[in-house]
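Have a look at the structure below before the remarks.
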Amino acid sequence: MRTELQRPRGTQDVLPPESWKVEGLRQVALTVARRYGFEPVETPIFEQSAVFLRVGEHTDIVQHERYTFRDAGGVELTLRPEGTAAVARAYVENGLQAWPKPVRLCYFGPMFRRERPQAGRFRQHTQFGAELYGSESPLADAEVILLALAVVEAAGLADPEVRVNSIGCERCRPRYREALVGYFAARREALCPDCQVRLERNPLRLLDCKVDVAVRAEAPDLADYWCDDCRAHFAAVEAAVASAGRRVERDPHLVRGLDYYTRTVFEVGHPSLGAGVALFGGGRYDGLVASLDGPTVPAVGFGMGIERLLGALGDRLAVTAPTPLYVGHLPGYAEEAFRLAEWLRNQGVAAESDLLGRSVRAQLKDAARRTRWAVLVGGREWEAGQVVVRDLGQGTQAPWPKERLLEWEGVAAARLAVGVPWAEPKAAPDLR
RNA sequence: GUGGAUGUAGCUCAGUUGGUUAGAGCACCAGGUUGUGGCCCUGGGGGUCGGGGGUUCAAGUCCCCUCAUUCACCCCA
């Protein structure tokens, strides 16, 4: 294999049937999001670098993991490492503050981070995300959390459990940070090397260190420093999520990497992904839009890792590729088969005919690999106004009148199902 | 960015202390059956042994570098 012609490190080629699963998840996500009133938004996969720098100047993601380049005009561009900043930019640029509040947007697409690849982590990955602008109500936080859970559950994951926390607001967080730094600075000698760095650069991160568990156990708790508003907000979020019948648990050590979060942060993990690897994560970011020179607009949102969701689902995702109808031909009838296949497609039926000039034997062998239903064109039956319909699963066949072909069960099965049966709603709990 | 493991055909792998033209199974293509798949039989295509350098009469095998994959840390979806 020529190394310079291999796909870039940390990227993937997604082939059928796996690619159908990604498409299935996209439809699940968008269908469920629509139930919550979220509408899809598309933004470029690259932005001017300033968009991300403005919003995350202290985060690893924009500091060390950016894919940045200059185009021929000298403009510095960055492949988007996350969706929130990009959608917020679009919100400001298109004047969405003039839209009726709240504004609910969602997206599904690739993100780029130059990290060292490992299980569940790629340099290009796909995120489904949702952003809700214009409400500072705890019900907005709850709605977004419920949406994320509903998507995960609709995809087939049972009983996900969210961990939530509040990192306070600009009024209470500085006091907490001070207390935290004081606590850890006094124990600097006992900290792991990573934490000694965190102490300087990102003190909140000290909370979720896996090494210094004993030291952090005694650390000051955010909850003791919340202002009255933050306390009430957090309690209301917890209550609203729980009232919808979802399991929530406060994780006092949960903090998140992007530094635009205010108050609520949350994430959901999964046993198959290992500790600290999130299926989705998000939170409230009331200051983000303003930091992009927009109006002061409160917002909440989340991002969900599609590859991780796929991994957690394993074989449970019941997405199947459409089974086409194979239109085979007897010697001398290739053109008739070609035309019949095209006629069927125009009736909404998925149909394939032989393009390799194969023998009947080879056609059937090929057909059996691809699908379950075949019709054969040619010979006595064709001349008598019939085709031969064959069930490749059963190995049975019979003549069938051409003009009634659409009534055959194999054709019905091959009719392209455009719906998303796997995203049908579950029975709802009683309304109280 | 740090540390470990692994690279032989599309896939899963064999290849003896270094020794001729590098093998198997599955998959793929064709034929056995000029109108019929799955089993079976015959034949075929497909490899610069990840890449480069070195040691040697001789390297898939030993040494060095590099690239990639993978796992963990960091961080995150």
Side-chain angles (χ1 to χ4, degrees), chain A residues 1-12 15 56 58-65 80-84 108-129 148 152 192-195 197-198 201-202 205 208-211 255-258 267-270 273-282 301-312 326 328-333 356-382 387-397 399:
Chain A
M1 196 176 300
R2 299 295 283 275
T3 55
E4 69 173 353
L5 296 181
Q6 287 181 129
R7 68 174 186 268
R9 184 169 202 190
T11 62
Q12 301 178 285
L15 309 173
H58 301 302
T59 69
D60 273 26
I61 287 178
V62 313
Q63 214 173 7
H64 306 298
E65 301 178 358
R80 67 180 180 196
E82 54 116 4
T84 298
F108 189 104
M111 305 293 163
F112 307 84
R113 298 177 190 175
R114 197 184 178 288
E115 308 181 89
R116 203 76 183 254
Q118 108 192 29
R121 197 174 72 183
F122 307 93
R123 289 186 169 182
Q124 176 178 338
H125 73 279
T126 310
Q127 272 188 43
F128 168 68
V152 165
C192 69
D194 283 330
C195 278
V197 177
R198 289 185 180 115
R201 289 194 27 231
N202 198 355
R205 283 253 142 240
D208 70 349
C209 177
K210 284 108 199 154
V211 182
V255 292
R256 295 191 47 79
L258 288 326
E267 65 184 36
V268 161
H270 189 265
L273 298 173
V277 179
L279 212 49
F280 66 78
F302 69 86
M304 180 180 296
I306 295 303
E307 288 79 5
R308 288 181 180 181
L309 180 53
L310 234 27
Y326 192 94
H329 66 270
L330 300 174
Y333 290 84
L356 298 181
R358 291 196 218 243
S359 64
V360 176
R361 166 192 165 85
Q363 287 181 66
L364 285 171
K365 188 176 174 184
D366 185 43
R369 272 189 305 227
R370 298 174 183 278
T371 184
R372 178 171 167 194
W373 312 101
V375 317
L376 285 171
V377 164
R380 304 181 297 278
E381 294 87 346
W382 183 259
V387 293
V388 174
V389 299
R390 184 172 177 86
D391 179 337
L392 295 159
Q394 301 287 313
T396 55
Q397 69 178 38

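Protein chains get the first letters and strands the later ones, always in sequence-line order, with residue 1 at the start of each. Side-chain atoms are counted along with the backbone in the values below, which use heavy atoms only and exclude waters and symmetry mates.
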Q) Is there a stack between A:His125 and B:rA77, judged by ring centres under 5.5 Å and planes under 30°? A) yes
How far, in whole Å, is [M] from [N] if one measures between their [atom1] atoms?
N      : M      : atom1 : answer
B:rU16 : B:rC63 : P     : 15 Å
B:rG50 : B:rU17 : C1'   : 27 Å
B:rG3  : B:rU8  : P     : 25 Å
B:rG38 : B:rC26 : P     : 15 Å
B:rU20 : B:rG60 : P     : 10 Å

Check your understanding: Taking the six-membered ring for Trp, are A:Tyr333 and A:Trp382 parallel (under 30°), tilted (30 to 60°) or perpendicular (over 60°)?
Key -> perpendicular
Of A:Phe280 and A:Gly378, the one whose closest nucleotide on RNA chain B sits nearer the 5' end is A:Gly378
Rounded to the nearest Å, what distance is computed from the [atom1] atom of residue [X] to the [atom2] atom of nucleotide [N]?
X        : N      : atom1 : atom2 : result
A:Arg370 : B:rA27 : CZ    : P     : 16 Å
A:Arg123 : B:rU70 : CZ    : P     : 11 Å
A:Arg372 : B:rG38 : CZ    : C1'   : 15 Å
A:Arg358 : B:rC28 : CZ    : P     : 10 Å
A:Phe128 : B:rA77 : CZ    : C1'   : 13 Å

With the side chain defined as heavy atoms from C-beta on, A:Gln6 is closest, among B:rG1, B:rC29, B:rA68, to B:rA68
Side-chain atoms of A:Leu364 come closest, of B:rA30, B:rG37, B:rC71, to B:rG37
key: Side chain A:Arg121 and base B:rA77 donor-acceptor under 3.5 Å   = no
In short, A:Arg390 meets A:Leu364 closest at the heavy-atom pair CD-CD2, 4.1 Å
Shortest non-hydrogen pair, A:Arg116 vs A:Arg9, comes out as NE-NH2, 3.7 Å
query = Does the side chain of A:Val375 reach to within under 4.5 Å of the side chain of A:Tyr326, using non-hydrogen atoms?
reply = no
